[in-house]
Structures are given as structure tokens and as C-alpha cells.
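Quick note: numbers below take in every heavy atom, side chains included, and nothing from hydrogens, waters or symmetry partners. For this chain, numbers begin at 1 and follow the sequence in order.
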Amino acid sequence: MTQDSRDHADKANESPKGAWPDAPLPQHLPLAQTPTASVAGRTLAQSTHQWRTRSSPVRADAPNVLIIMLDDVGFAHADTVGGAIHTPTLSRIADTGLRYNAFHTTAICSATRASLLTGRNHHRVESGTITEFASDFDGYTGEIPKSSATIAEVLKHYGYSTAAFGKWHNTPALQTSAAGPFDRWPTGCGFDHFYGFIAAETSQYQPSLYRNTTPIEAPSDPTYHLSEDLAAQARRWLREQHALTPDKPFFMYWAPGAVHGPHQVFSEWSDKYKGKFDAGWDAYREQAFRRQVEMGWIPADSQLTPRPDTLAAWESLPEAERKYQARLMEVYAGFLEHADVQAGKVIDELERLGLRDNTLVFYVLSDNGASAEGAGGTINEILSISGVPVPFAQQMKILEEEYGGLQALGGPKVANMYHAGWAWAGESPFQGTKLVAGYFGGTRVPMAVSWPKGIAADAAVRGQFHHVNDIAPTIYELIGIAPPATVNGVTQDPLDGLSLAYSFADASAPTRKAQQYFEIFGSRGIYADGWMASVFGPRLPWLSATAAAYANWHPNEDVWKLYRLGSDYSQATDVAGQHPEKLAELQRKFDEEARANHVYPIGAGLGPLLNPSARIGTTQTEWHFNLEVTRLPEFCAPNLRARSNKVSLDVEVPAMGEGVLYALGGVAGGLVLYMDAGHLHYEYNSLSVMRTKLRSAGPIAAGPHRFELQTLLAGPAPGAPATLVMRVDGIEVARGTVPFTAPLCFTASETLDIGTNLGSPVSLDYYDRAPFRFNGCIGDVHIVYTP
């Protein structure tokens with residue numbers, strides 16, 4: 001532990017300055033009729049003893065609370081705020097309440113969710129990056145401290161029922177296996193009930209799901225979609241709560257994986273948008289900007305920032321590619337509308353149960369800006385995230401030959417994601433996208449708040465500067481409680497957020513939030529009293545992330561820019577040259593905030609991206625598994641994809657053996673050893689674009705055998721080729737070469753399974769037979785890393 005770590009731990013046990021006073025917690029009242037000594041001589045039937053009555057820790061009309069938050073949506077995508085994609089539920093919440101056009105996130109998933117749920121800055125709660133990139137730097141461990149209790153934990157103590165549905169992404173990656181610990185899973189963070197997925201993303205058709213801490217499998221049903229399931233589960237929970245505890249308020253966090261990649265939705269939703277994006281992203285951005293101004297969603301004097309030179313102009317694309325890129329956007333649009341409609345089903349249930357009027361709803365359209373991680377448009381987003389360039393022509397050839405062409409986009413067999421141009425266009429009028437913390441394209445998202453019983457609807461747009469850490473104190477104020485100074489015996493850190501309730505009755509009320517810092521992957525900025533100082537950072541999210549891009553980056557050499565937001569809504573005009581003293585002042589403020597919140601070293605979140613070995617991971621080099629091992633997350637499993645290793649299995653093979661012996665990953669990328677018609681097969685699925693297959697020449701005779709698959713990497717470089725050797729009873733039966741290995745991961749949420757292939761199948765050859773369980777017996781599965 002570093003000295004900073006020890007200091008931080010010591011401070012967690014002190015009473016922080018400005019801590020909220022202890023609030024009353026549920027307690028028993030005195031007995032209605034106090035027993036006396038004479039009771040001992042009475043029979044039970046003669047006793048006048050009555051049940052104790054319980055006091056309510058909150059007022060009887062305390063509101064229910066619902067937070068809806070989608071994923072990776074742009075500021076100018078929804079038609080509610082000037083975009084082209086229909087979002088009836090966002091409009092419904094805004095029309096019955098208030099809308100905010102200067103509300104901010106952190107620019108990345110885990111960080112925003114941690115900040116929202118705790119009311120603290122993201123580095124303060126150890127969430128300076130996503131959980132998969134956690135490291136040992138203070139501020140980046142991915143472990144939300146118990147000194148920063150979540151909204152759910154606090155409200156649970158005040159008598160609320162609590163539930164979370166959808167994406168979590170706040171459990172350290174190494175703590176996501178069956179071994180736990182589970183104290184940083186949703187049910188360990190105050191939620192009575194959880195239904196959803198733990199990782200950054202998952203398949204919408206074959207998701208890696210959990211009910212509380214137990215893995216469950218989605219039904220094998222071609223009509224299944226995760227967003228619909230999450231709405232159905234939420235509605236069921238609401239009905240149960242209303243039937244069994246009608247006097248108990250609830251807190252629900254409904255955060256589906258939509259519209260994070262992969263972009264997957266039924267074609268009938270995408271087909272609604274056929275032809276609507278044929279003019280391209282440059283035209284879309286200009287059209288959206290005009291609508292934003294006409295609607296009054298953004299100030300009339302806003303400036304539309306230009307497309308960066310590093311992003312292709314639509315007109316520069318050949319006609320064949322335009323059709324592909326337009327279809328990718330149609331899929332995204334259908335996905336967004338579909339998700340919003342599912343959110344509407346939850347609102348419908350509230351109305352049906354008579355709960356809508358007294359439910360405080362926050363609809364935060366996104367956890368960050370639109371994602372440019374699809375780079376040039378892709379059939380597998382992990383390709384660009386891993387820095388693996390695959391030209392359009394090659395991707396299109398694979399799409400047509402293996403998946404059925406453009407009609408496969410949005411379906412279960414591909415993990416497609418749209419071109420970064422669509423993300424940039426959807427951020428009108430701003431410069432950045434997701435991952436850019438210093439500019440509003442990465443952080444500024446639409447938000448609507450509605451509470452019919454407590455907030456008068458008003459169409460005037462609220463422009464007060466606010467942040468996701470402001471939602472928790474707003475909830476506490478409206479419920480009428482003070483956040484406790486201790487929770488479960490742990491002294492609490494003060495909240496960093498500030499209630500925005502003051503803005504409910506007055507659209508023009510001056511902003512009360514004086515200051516807020518931002519930092520993700522070295523992109524950083526600070527807002528203070530109407531000014532914004534910004535550094536774009538070393539990473540252009542729309543270009544493939546490679547170590548070379550950061551090799552010569554030195555944070556101290558970054559050039560800061562300055563913006564006066566009162567007259568420059570979109571950060572279009574840098575005034576650093578005219579106000580050097582103001583810029584210096586804001587830089588000092590950023591340094592103070594960075595030191596107080598454990599932000600340093602700047603760019604620490606990039607460490608595991610540049611050097612995967614620096615990521616927090618298991619130190620094991622040898623494992624023994626059996627059939628009981630399934631749903632072991634890839635980040636907790638042995639690294640069979642990008643490290644030299646040998647897997648040996650003791651197998652009792654039946655006549656014409658078939659089924660999966662072990663599988664890691666899914667249809668978007670993975671590896672699998674299986675039998676089919678008696679033959680032994682191995683496939684390494686290199687992120688959907690290359691498949692290396694081995695097959696024994698003849699069938700394997702019935703009886704006991706030792707199978708072995710050895711992987712020999714050509715070198716230490718990320719993505720290095722690998723030689724594969726398959727043996728039966730010590731005799732080589734097949735050999736091949738993997739052109740490139742997946743450097744970071746196969747997927748975000750798929751798993752290692754022994755004797756079956758749960759989730760999406762790695763190989764298309766048994767896709768329709770999944771999970772394709774092995775019909776023989778598997779004994780010891782021995783895995784060891786080799787030099």
C-alpha cells in the first residue's frame with residue numbers, strides 16, 4: 001500500500017469536515033402496553049400484550065424514486081432534443097416535468113455510475129476508469145469504498161425497497177467470479193434485488209445475466225431481447241412490491257445496456273429508419289443543430305463546431321461503403337428507439353399501479369457522450385478498441401460470405417458498431433465524444449426530471465450547470481433526509497454533489513454549483529463560475545487505440561484552452577490568449593481538485609490499455625477445473641487467448657462423441673475445443689474476422705483419452721500470431737497458425753465454460769446446436785502457462 005493509500009484509509013476513519021449529521025434510522029417504539037410482573041402469572045390467552053408498532057424513518061408521503069439511464073447516447077440523437085431518433089418516453093418525462101441542457105457525466109461508464117450512485121466525484125470513489133482497466137493507483141482501483149455509501153444503501157436504511165436492473169459495471173473485474181467477494185455487487189451496495197449483467201456490455205440476444213449473484217441463462221428464444229426482458233423484470237418487481245408492501249416506498253435504478261455496443265435490435269426497429277441517414281453524418285449534424293436551435297433546446301447564439309480533420313467527410317466515402325455506414329446508423333437508431341420504448345413500459349406500470357404521481361423520475365439519457373469506439377464502422381467493436389485495423393472491403397467480404405450481408409447487422413451473430421462520424425454528428429454542437437472529459441461532447445447529456453406530485457411541469461429549459469454527483473443530494477433533499485454521517489459503522493465521506501432542487505421552480509435561477517473537475521484517460525477540464533478550462537487529451541476516440549499514440553505524450557506539455565460559457569455554449573472559441581490569468585487560476589483549481597480526489601498521475605486510466613500486464617489480474621499460472629466450472633468471466637479466467645499455454649483434458653469419449661469440451665468467449669470472439677461426429681475440433685475465433693480451425697483426420701475411438709491443445713505465441717507483442725498444436729494421447733493430430741490473437745479480450749462479458757458453451761456460441765459450426773453440451777465424461781482439465 002502506498003503512503004497515499006494509508007493516508008486515505010486513515011481519513012476514512014475520521015469524521016470528515018462538513019459531514020452530514022446523523023439522521024434518525026428505523027427503530028422500535030415502546031410497547032403499546034408495557035407488561036408488568038403480574039403477566040408472569042397469567043395464561044397466554046389472558047395476556048393483553050400487543051405487537052410493537054414501528055415508526056417510519058421518512059414522512060408518509062415520501063416519493064418513490066426511479067432513475068433511468070441509457071448508455072452511449074449522443075446529445076443530438078433523440079428527437080426530444082432535436083435529433084432524428086424517436087424517443088417518446090424521454091419526451092413524456094420532459095413534458096410532465098423539466099428538462100436540463102447543461103447536465104454532465106464523467107465521459108465513461110463505470111465512473112459515471114459510481115458518481116451517480118454515491119453523490120461523490122468518480123476518483124474519490126476509486127472509479128477513475130472502467131473496472132476492466134483498474135490498477136493499483138489510488139483513485140483507480142475500481143473498489144467503491146464503504147465510506148461512500150450508495151443511494152440504495154442510504155435509502156434502504158430509511159425503509160425503502162431497492163432494486164437495480166440492467167448494466168452494473170461497478171464491480172472490480174477480479175471480483176466477478178463465483179468466488180466473490182460479493183460486497184461490491186449490487187446486492188452488496190444496498191440493492192435488495194438485482195437482475196442484469198455485471199460487465200461493460202453483453203449480447204442483447206444471449207446475455208450473461210445474473211439474478212442477484214447467481215448466473216442465469218436467457219431463454220433460447222428467437223423473440224428474446226435483453227431490453228425487453230429488463231422492462232418485464234422491473235414491472236414484475238413493481239407489482240410484487242405494491243402487492244406485498246404497498247406502504248413502503250421504493251428506489252429503482254433501471255439502466256439497460258442499450259445503446260452501448262454491440263448495436264443489436266430486431267430488424268423491424270431498424271427498418272423504420274431506412275433511407276433516413278443516406279445523406280450522411282455531415283448533413284445529419286447540420287440538420288440536428290438547426291432543430292436544436294429552433295426548439296430552444298440550445299441557445300440561439302450557439303456555434304456549431306467543425307468536423308475534425310481526423311474524421312472522414314461523408315462525401316469522401318465510396319458509394320458501396322455509404323450503404324454500409326448508413327445501415328449501421330439505422331440499426332443504432334432502431335436500438336435507441338426500442339430501448340426508450342422499453343423504459344416507457346416501466347412508466348406504464350407505475351401509472352397502472354397508481355404510483356406515477358408520487359414517483360420522482362430522473363431520466364438521464366446517457367452515462368456519457370456518444371461512442372466513437374466503432375472507429376471506421378465495424379462488424380466487431382472490439383477490433384477498434386484493441387487497435388486491430390480491418391479495412392472496410394475486408395469486413396464487407398466477411399459480412400457477406402459468413403453472415404449474410406447487410407441484413408445481418410443488428411442480429412445475434414455480429415457485434416457491429418457504427419462509424420465514429422455518427423457519434424460526432426450526434427454530439428451537435430460539441431467537439432468531443434465519449435472518453436473526452438475536457439469537452440462537452442463527452443460529458444454533457446440531456447436529462448429530464450418529473451414528479452407530478454411535487455414538481456410543476458415547465459417547458460422552459462434549465463441551463464444550470466450540474467453533474468451526476470448532484471442527483472444523490474437532490475434525492476435526499478426531496479425525500480427530506482440528511483445523508484447519515486455513518487453507514488454500517490463506517491464514517492462517510494462528504495458528498496461532492498449539490499442538490500439541483502433550487503432550479504425546479506425557477507428556470508432562470510443562477511447556477512449554485514460553483515466548481516466541477518473532469519478527467520478520463522488524460523482528457524481533463526474544470527468548470528468554475530461560468531468558465532471552462534479544457535485539455536482534449538492524448539486520445540482521439542475515433543482512432544484505434546495503440547501504444548504508439550501515447551508514446552510521446554507528456555501531460556505537462558498539454559495545451560489548455562479556455563472558454564467563457566455564458567456566451568459560448570459549445571466551447572467553440574478559445575479565449576485563453578485574452579485571459580491568461582483566468583486560465584492560470586482554473587489550472588490551479590484543477591490541481592487542487594486533482595490532489596484532493598486522487599486523480600494523479602494524469603492518464604493513470606490508460607496504463608492497462610498500453611500495457612495489459614499492468615492490469616489487476618490473477619497471479620495464478622496453473623489451474624485444475626472440472627465440469628462444475630461454468631460462467632467464469634474472461635477477466636477472471638486463464639488467459640488462453642493471448643498467452644502461451646497448454647490445456648490437457650482427461651476425457652471418456654462415447655461412440656461418435658460430440659459437444660463442447662471447453663469454450664472461452666462467444667460469437668464475437670473466442671476459442672473452443674469440441675467434438676463433432678467423433679472428430680476432435682478446435683477453433684480460434686479472432687474477433688469475427690478470422691477463424692483458425694483444427695480437426696483430427698479421423699474420429700476418436702470410444703474410451704478414455706487425454707486431449708491436449710497447446711498455444712505458442714510468436715512473441716510478447718500485443719496481437720502476436722500463435723501456433724496451435726492439437727494432440728490425442730500424446731500424438732499430434734493437427735496443427736495451425738492464428739494470424740493474430742486478441743490482445744485485450746474476446747468480449748466484455750462472455751465466459752469460460754467446461755463441457756458446454758453458455759451464452760453466445762464461439763463457433764458458427766454448432767451455432768444452432770448451442771450450448772452443445774458434451775455427451776461424454778470430462779475429468780481433470782489442467783491448464784498451465786508455458787514459457
Side-chain angles (χ1 to χ4, degrees), residues 69-75 103-118 120-135 137 139-144 167-173 198-201 255 257 259-261 364-375 381-382 384-385 417 420 423 427 430-445 467-469 516-525 534-543 545 550 594 597-599 602-610 615 744-745 748:
M69 186 169 67
L70 304 189
D71 201 324
D72 289 6
V73 188
F75 190 77
F103 184 81
H104 300 83
T105 66
T106 68
I108 203 169
C109 311
S110 298
T112 290
R113 294 159 195 273
S115 183
L116 181 151
L117 289 171
T118 64
R120 279 89 174 181
N121 290 327
H122 55 300
H123 293 87
R124 187 188 301 281
V125 290
E126 299 293 338
S127 299
T129 185
I130 55 174
T131 55
E132 293 86 352
F133 287 175
S135 63
F137 289 111
Y140 299 87
T141 67
E143 299 182 353
I144 297 177
K167 175 174 171 176
W168 179 243
H169 207 197
N170 283 123
T171 300
I198 296 295
E201 65 182 48
V259 287
H260 193 289
V364 182
L365 186 59
S366 184
D367 57 354
N368 42 242
S371 175
E373 292 159 302
E381 58 170 326
I382 300 297
S384 57
I385 292 174
M417 193 167 180
E427 284 303 332
F430 307 123
Q431 296 185 40
T433 63
K434 174 185 177 181
L435 307 183
V436 180
Y439 285 81
F440 297 153
T443 60
R444 186 167 284 187
V445 300
H467 187 270
V468 287
N469 62 24
Q516 179 63 49
Y517 85 90
F518 300 85
E519 193 280 336
I520 291 292
F521 289 165
S523 179
R524 57 204 188 273
S534 303
V535 170
F536 199 93
R539 182 177 186 180
L540 297 177
W542 44 86
L543 299 182
Y550 314 111
N597 287 277
H598 302 285
V599 177
I602 294 296
L606 287 169
L609 183 67
L610 305 181
R615 187 188 312 140
L744 287 178
C745 63

Exercise. So, the side chain of Glu381 versus the backbone of Ser384: is there a donor-acceptor pair under 3.5 Å, distance only?
Worked result: no
For this session: Kindly give the heavy-atom pair with the smallest separation between Phe137 and Ala604, and that separation in Å.
Result: CD1-CB, 3.8 Å
For this session: Report the relative orientation of the aromatic rings in Phe536 and Trp542; use parallel for angles under 30°, tilted for 30 to 60°, perpendicular for over 60°.
Result: perpendicular
Exercise. Where is the tightest heavy-atom contact between Leu435 and Phe521, given as atom of each residue plus distance?
Worked result: CD2-CE1, 4.1 Å
Problem set entry | Beyond-backbone contact of His169 with Ile198, side-chain heavy atoms, under 4.5 angstrom | no
Exercise. Does Ser115 reach the main-chain N or O of Ala111 with its side chain, forming a donor-acceptor pair under 3.5 Å?
Worked result: no
Exercise. Looking at the rings of His123 and Tyr140, which for Trp means the six-membered one, are their centres under 6.0 Å apart?
Worked result: yes
For this session: For Ser523 and Val436, indicate whether the former's side chain and the latter's backbone hold a donor-acceptor pair under 3.5 Å.
Result: no
Exercise. Does the side chain of Ser127 pick up a donor-acceptor pair with the side chain of His122 at under 3.5 Å?
Worked result: no
Exercise. Between OG of Ser110 and CH2 of Trp168, what distance do you get to the nearest 0.5 Å?
Worked result: 10.5 Å
For this session: Please name the pair of heavy atoms, one in Asp72 and one in Asp367, separated by the smallest distance, quoted to 0.1 Å.
Result: N-OD1, 3.3 Å
Exercise. Side chains of Leu744 and Ile385: closer than 4.5 Å at any heavy-atom pair?
Worked result: yes
Exercise. Is there a side-chain contact between Val125 and Glu143, using heavy atoms and a 4.5 Å cut-off?
Worked result: no
Exercise. His104 and Phe440: ring-ring contact (aromatic ring centres under 6.0 Å, His included), yes or no, with the steps?
Worked result: CA-CA 8 Å; His104 300 83; Phe440 297 153; 5.1 Å; yes
Seminar exercise, completed: When rounded to the nearest 0.5 Å, the distance separating CG of Asn170 from CD1 of Ile130 is 11.5 Å
Problem set entry | Min side-chain heavy-atom separation Asn597-Arg120 under 4.5 Å | no
Problem set entry | Sub-4.5 Å side-chain heavy-atom contact between Phe518 and His467 | yes
Problem set entry | Check: Cys109 and Lys167 side chains under 4.5 Å, non-hydrogen atoms | yes
Exercise. Between Thr112 and Ile108, is there a donor-acceptor pair closer than 3.5 Å when you use the side chain of the first and the backbone of the second?
Worked result: yes
For this session: Flag the pair Phe75 / Phe430 as yes when their ring centroid distance falls below 6.0 Å, and as no otherwise.
Result: yes
For this session: State, with a plain yes or no, whether a side-chain heavy atom of His260 is found less than 4.5 Å away from one of Ser371.
Result: no
Exercise. For the residue pair Tyr517 and Val599, what are the closest heavy atoms and their distance?
Worked result: CE1-CG2, 3.6 Å
Exercise. How many angstroms lie between CG in Asn469 and CG in Leu117, if you round to the nearest 0.5 Å?
Worked result: 12.0 Å
Exercise. At their closest point, which heavy atom of Arg524 faces which heavy atom of Gly522, and how far apart are they?
Worked result: NH1-O, 2.7 Å
For this session: With rounding to the nearest 0.5 Å, note down the distance linking OG1 in Thr106 to NZ in Lys434.
Result: 10.0 Å
Exercise. Does one side chain, of Thr433 or Glu427, offer a donor that lies under 3.5 Å from an acceptor on the other?
Worked result: no
Seminar exercise, completed: Heavy-atom nearest pair, Gly603 first then Glu519, reads N-OE2, 3.6 Å
Problem set entry | N-O pairing of Asp71 and Arg113 below 4.0 Å | yes
For this session: Would you check if Glu126 and Ile144 make a side-chain contact, meaning some heavy-atom pair closer than 4.5 Å?
Result: no
Exercise. Can you check whether Ala437's main-chain N or O pairs, donor with acceptor, with Thr443's side chain at less than 3.5 Å?
Worked result: no
